[in-house]
Amino acid sequence: MDVERLRTEELEKIQERKLKVLVHYVYSNSSFYRKRFKEAGVNPWDFKGLRDLEKLPFTKKQDLRDTYPTGMFAVPPSKIVRFHASSGTTGKPTVVGYTAKDLETWAECLARGLASCGLTKEDVLQISYGYGLFTGGFGFHYAAEKLGTAVIPASTGNTRRQLELMRDLKTTAIACTPSYMLYLAESMDAADINLRMGFFGAEPWSEETRKRIEEKTGMDAFDCYGSSELSGPLFTECREKAGFHIWADHFLIEIIDPETGERLGEGEKGELVVTTLSKEALPLIRWRTGDITHIDSERCACGRTHPRVGRIAGRSDDMLIVRGVNVFPSQIEHVLMEIPELAEHYMIFLDREKGLDVMKIQVELRSENNLDTDILRKKVARRLKSVLNLATEIEIVSPGKLQRFEGKARRVVDRREI
Ligand code: DLL
């Protein structure tokens, strides 16, 4: 039987069985979870499955930070075959690890999604997500290879070469951030381009942007979602373009009120919480993604029975996504405050120029002196680049020049339209 079209009751049976196994697995293999369960009064032998799910404690990004680098892992180091990492709040990244089976499940999930959009072995997929610690490049790479699709591991940047490859290798599908696609579209000569579909995600984007991309390029633009903690890019819309199918044999989802932690009902908007049912190296129980969306369990017109979640409508925390890179304002503050010439007053401005995100930071000097602000500006930009992996424009301003806040400081001004 095709797993993508299993009856809901069959899927629930799989989830029930896997969830019980998972609770014992993490309890026996991870000191982190053992401690957490004890604190929450959870005894794996009393755990009754799905109906007891809400008794399990949440996990969140802070837990990964607190246990840096591998304190939440549930396998010995010899079983890890790959690491990826994403930016953390201060200097340190959050590290994720995979067993060989984890990589297989990851590729399988995304491959299902790509196939549901119509990608086949006849296609040529240009992967213009970053290859490296970021999960985008490798995620799409292995998923597409699984389908027998020819991949071009172009990675990010070098727009001229991207377009040349696209033309010469007759690229039919592309995977990149939606903002990079807008940028590429500006320089594209539509007549030379054979694109029929694109997979866009890693940052928020809107229906309007989808329309713009589709009108400019003539392709079908599909949304795709995931996070490094869950594995990387995992879920896409199908051809119906009506939300991401969440593969229920591997992931169990809930929506909660981000303030109270209470479970919300079908269709209600709240924070997406995911329990991984198959991951070995870094299993996550009731992982708070920070992403705001809703669940749609109505049967999709495509016939797939797995639940869908709607477009990501925002974040429940202060994480910013700039050119697909996750940035916490606290990371920026951390870098600035390490530089003795700078005061604690700064502002972060986000704009979109020609489809690309631009981050500008204004920061005050601690005291007016004869410093060469140009050298200082370059030093700040260099430090930020090494921590954030992102270019920023820095403006050093005189003491007292920036706005002071009486209540909560609002240091981020996001002027991008999504
Ligand atoms: O962005 C994985 C990914 C790569 C997804 C390529 C899709 C395509 P992280 O760097 O860990 O992983 O960032 C995860 O990015 O919690 C969301 O806030 C945001 N995000 C990812 N996809 C979307 C999307 C990858 N389609 C964080 N719409 C997530 C809105 C998205 N936000």
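Counting convention: from 1, in listed order, for ligands and their atoms alike.
- Remark: minimum distance from atom 15 (O) of ligand 1 to any protein heavy atom is reached at I321 CD1, 3.5 Å.
- Remark: ligand 1 and G136 share no N or O pair separated by less than 3.5 Å (distance only, no angle test).
- Heavy-atom contacts from other residues, nucleotides or ligands closer than 6.0 Å to CZ of R415 number more than 12.
- At a 4.0 Å cut-off, not a single heavy atom of G290 sits close enough to ligand 1 to count as contact.
- Remark: the S278 side chain and the H250 side chain contain an N/O donor-acceptor pair separated by less than 3.5 Å.
- The shortest N or O to N or O distance between D291 and ligand 1 is under 3.5 Å.
- An N or O contact shorter than 3.5 Å links R315 to ligand 1 by distance.
- A 6.0 Å sphere centred on NZ of K146 holds more than 12 heavy atoms belonging to other residues, nucleotides or ligands.
- Numbered from 1 in the order shown, with element, the atoms of ligand 1 that lie under 4.0 Å from a heavy atom of S227 read 11 (O), 12 (O), 14 (C).
- Note: W106 and Y98 have parallel aromatic rings, judged against thresholds of 30 and 60 degrees for the angle between ring planes.
- Ranking the protein heavy atoms by distance from atom 28 (N) of ligand 1 puts E203 O, 3.2 Å first.
- Side-chain N/O atoms of S227 and E229 include a donor and acceptor closer than 3.5 Å.
- Residue N326 has at least one N or O atom closer than 3.5 Å to an N or O atom of ligand 1.
- Atoms of ligand 1 found under 4.0 Å from any heavy atom of T135 (numbered from 1 in listed order, with element): 2 (C).
- Taking 4.0 Å as the cut-off between side-chain N and carboxylate O, K61 and D317 do not count as a salt-bridged pair.
- Here the options are F222, F244, F251, the test is ring pair (Phe, Tyr, Trp, His ring centres under 6.0 Å), and the partner is F235; only F251 passes.
- Remark: ligand 1 and G201 share no N or O pair separated by less than 3.5 Å (distance only, no angle test).
- Checking only distances, S228 does come within under 3.5 Å of ligand 1, N or O to N or O.
- Ring pair H141/Y131 is perpendicular by interplanar angle, where above 60° counts as perpendicular and below 30° as parallel.
- Protein heavy atom nearest atom 27 (C) of ligand 1, with residue, atom name and distance: M319 CE, 4.0 Å.
- Considering only non-hydrogen protein atoms, atom 20 (N) of ligand 1 sits nearest to A202 C, 3.7 Å.
- Every heavy atom of F199 sits 4.0 Å or more from the atoms of ligand 1.
- Residues R196 and E122 are not paired through a salt bridge, judged by the lack of any N-O separation under 4.0 Å between the basic side chain and the carboxylate.
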